[in-house]
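All remarks here apply to the structure that follows.
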Amino acid sequence: TNNSQWGGRFAAGPSAIMQAINASIGFDRKLWRQDIAGSLAHAAMLARVGIIASEDEAAIRQGLAEIARRIEAGDFPWDEGLEDIHMNIEARLTQAIGEAGKRLHTGRSRNDQVALDVRLWVRDAIDGLSAQVEDVMRALVARAEEHAATVMPGFTHLQPAQPVTLGHHLLAYVEMLSRDLSRLRDARARMNESPLGAAALAGTGFPIDRHMTAKALGFDGPTRNSLDSVASRDFAAEFLFCCAMCATHLSRFAEEVVIWTNPYFGFVKLSDAFTTGSSIMPQKRNPDAAELVRGKTGRINGALVGMLTVLKGLALTYFKDMQEDKEGIFDAAENLTLCLAATAGMVRDMKPDVARLEAAAGAGFSTATDLADWLVRELKMPFRDAHHVTGRLVAKAEAKGCDLAGLTLAEMQAEEPRIQDGIFGVLTVQASVASRTSFGGTAPDNVRRMAAEWRERLA
Ligand code: ARG
């Protein structure tokens, strides 16, 4: 049965290793729905323009419906000797309906067929992932509204910097994810052209109607150059970049969950539903879901690099190298799906320890900038001088073993005699965040407004 597809030219079957390295049916069977949808559109078009008889088209339609039913039921006899999803389906179709099945491949090649199938698959994946990204955004927005005024430490270099609100922190991820979402939408719009009918590489002499098949398959139109149609996978690379960037954002959040759940921080707790224990240490509560989101980002980023590397040395047009596009795409999409679901789950699950967050927010002289700003505002001191004076006050507090508010007015005046009692009003973490009212700043009122805006946009 081997080489039944190109039996005319070939006397012998492939060696076992040839078959093993060549066959893609083990993974590209995932494309069966797309392959059948493409064949249905192609056959309908062939009949419409008179290339095949309408009885043949009807037989093809029924045959493909039966194949779909069998695949769905899990009793389709996959054959590695038939290499890939395209030939498995075509061979089975011909076996079932005879002559008409052999006419299906008129004016078409596996080169445009596979380019089509992968596009259709990626388009569906984009739609599914986009909905999931929105779900994570909704989860973050809900928690942000709840914690619009919950004060926590803001870090740079993971060192205490300035107090922020937890709501503001969570909305930062909403902004990142909204860009991921818009990148997915851009990629979808750019890739939404049908390569079907480019045939092997040069187009075809049959009077096919590529606009018709493009429309039937939900594309904006046909691709404009047959060589480009079968040679290009930039849509796949772009999709993988979208996945990699989104995973990278989720990974940064996951890293924060790992830090926040560490008992030395104790910023948030995850419930039993999102933690695991240890086989030896009975006390353990590990944030494995967060660690796996962070870890899986490695393979997703790897898929992007893999795809680009497959493409970089290819002359036009199709090479079998391109068969290597699929596993990375499938794997990235599947794992990003898991990462998004796990992140949404953790966001909804986590319990912030408000008292601990607030206490931590005040540590490390985090309102030193507020003190310097007071000197600028009230004493008209140049900021650079205020920075200096404040630095000396921090050193003084550190030596005394207290925070800035623990210094007496006299101790402050020893550094700068014009300092008045009012300065203590800006040293609390609440006053600090409330003062950050600049557009995009962390003030609770800002956060409430932004969260409400997001809630409506995502409704
Ligand atoms: N299985 C192949 C792939 O995934 C389908 C296209 C094969 N085309 C060819 N000329 N060998 O790329």
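Given the structure is predicted, the values throughout are model-derived calculations rather than measurements. We count ligands from 1, going down the list as the structure has it; atoms in each ligand are counted the same way.
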Item to check | Listed partners of Phe319 passing side chain to side chain contact (heavy atoms under 4.5 Å, CB included), at least two apart | outcome: Leu314, Ala315, Asp321

Every pair of nitrogen or oxygen atoms between ligand 1 and the protein that is under 3.5 angstrom apart - can you list them with their distances to 0.1 Å?
{"from": "ligand 1", "atom 1": "1 (N)", "to": "Ser24", "atom 2": "OG", "distance (Å)": "3.3"}
{"from": "ligand 1", "atom 1": "1 (N)", "to": "Asp84", "atom 2": "OD2", "distance (Å)": "2.9"}
{"from": "ligand 1", "atom 1": "1 (N)", "to": "Gln323", "atom 2": "OE1", "distance (Å)": "2.7"}
{"from": "ligand 1", "atom 1": "4 (O)", "to": "Lys326", "atom 2": "NZ", "distance (Å)": "2.5"}
{"from": "ligand 1", "atom 1": "8 (N)", "to": "Asn111", "atom 2": "OD1", "distance (Å)": "2.9"}
{"from": "ligand 1", "atom 1": "10 (N)", "to": "Asn111", "atom 2": "OD1", "distance (Å)": "2.9"}
{"from": "ligand 1", "atom 1": "11 (N)", "to": "Arg110", "atom 2": "NH2", "distance (Å)": "3.4"}
{"from": "ligand 1", "atom 1": "12 (O)", "to": "Tyr318", "atom 2": "OH", "distance (Å)": "2.4"}

Next on the checklist: Does anything in residues 450-459 form a side-chain hydrogen bond (donor to acceptor under 3.5 Å, both in side chains)? List the pairs, not counting sequence neighbours.
Outcome noted: Glu145-Arg455, Glu175-Trp454

Checklist entry - Does one side chain, of Thr150 or Thr165, offer a donor that lies under 3.5 Å from an acceptor on the other? => result no

Checklist entry - In Å and rounded to the nearest 0.5 Å, what is the CD1 to CG distance from Ile126 to Leu184? => result 6.0 Å

Checklist entry - Which residues pass the side chain to side chain contact (heavy atoms under 4.5 Å, CB included) test with Gln132, sequence neighbours left out? => result Leu129, Thr337, Leu340, Ala341

Checklist entry - For Asn335 and Asp331, does a side-chain donor sit closer than 3.5 Å to a side-chain acceptor? => result yes

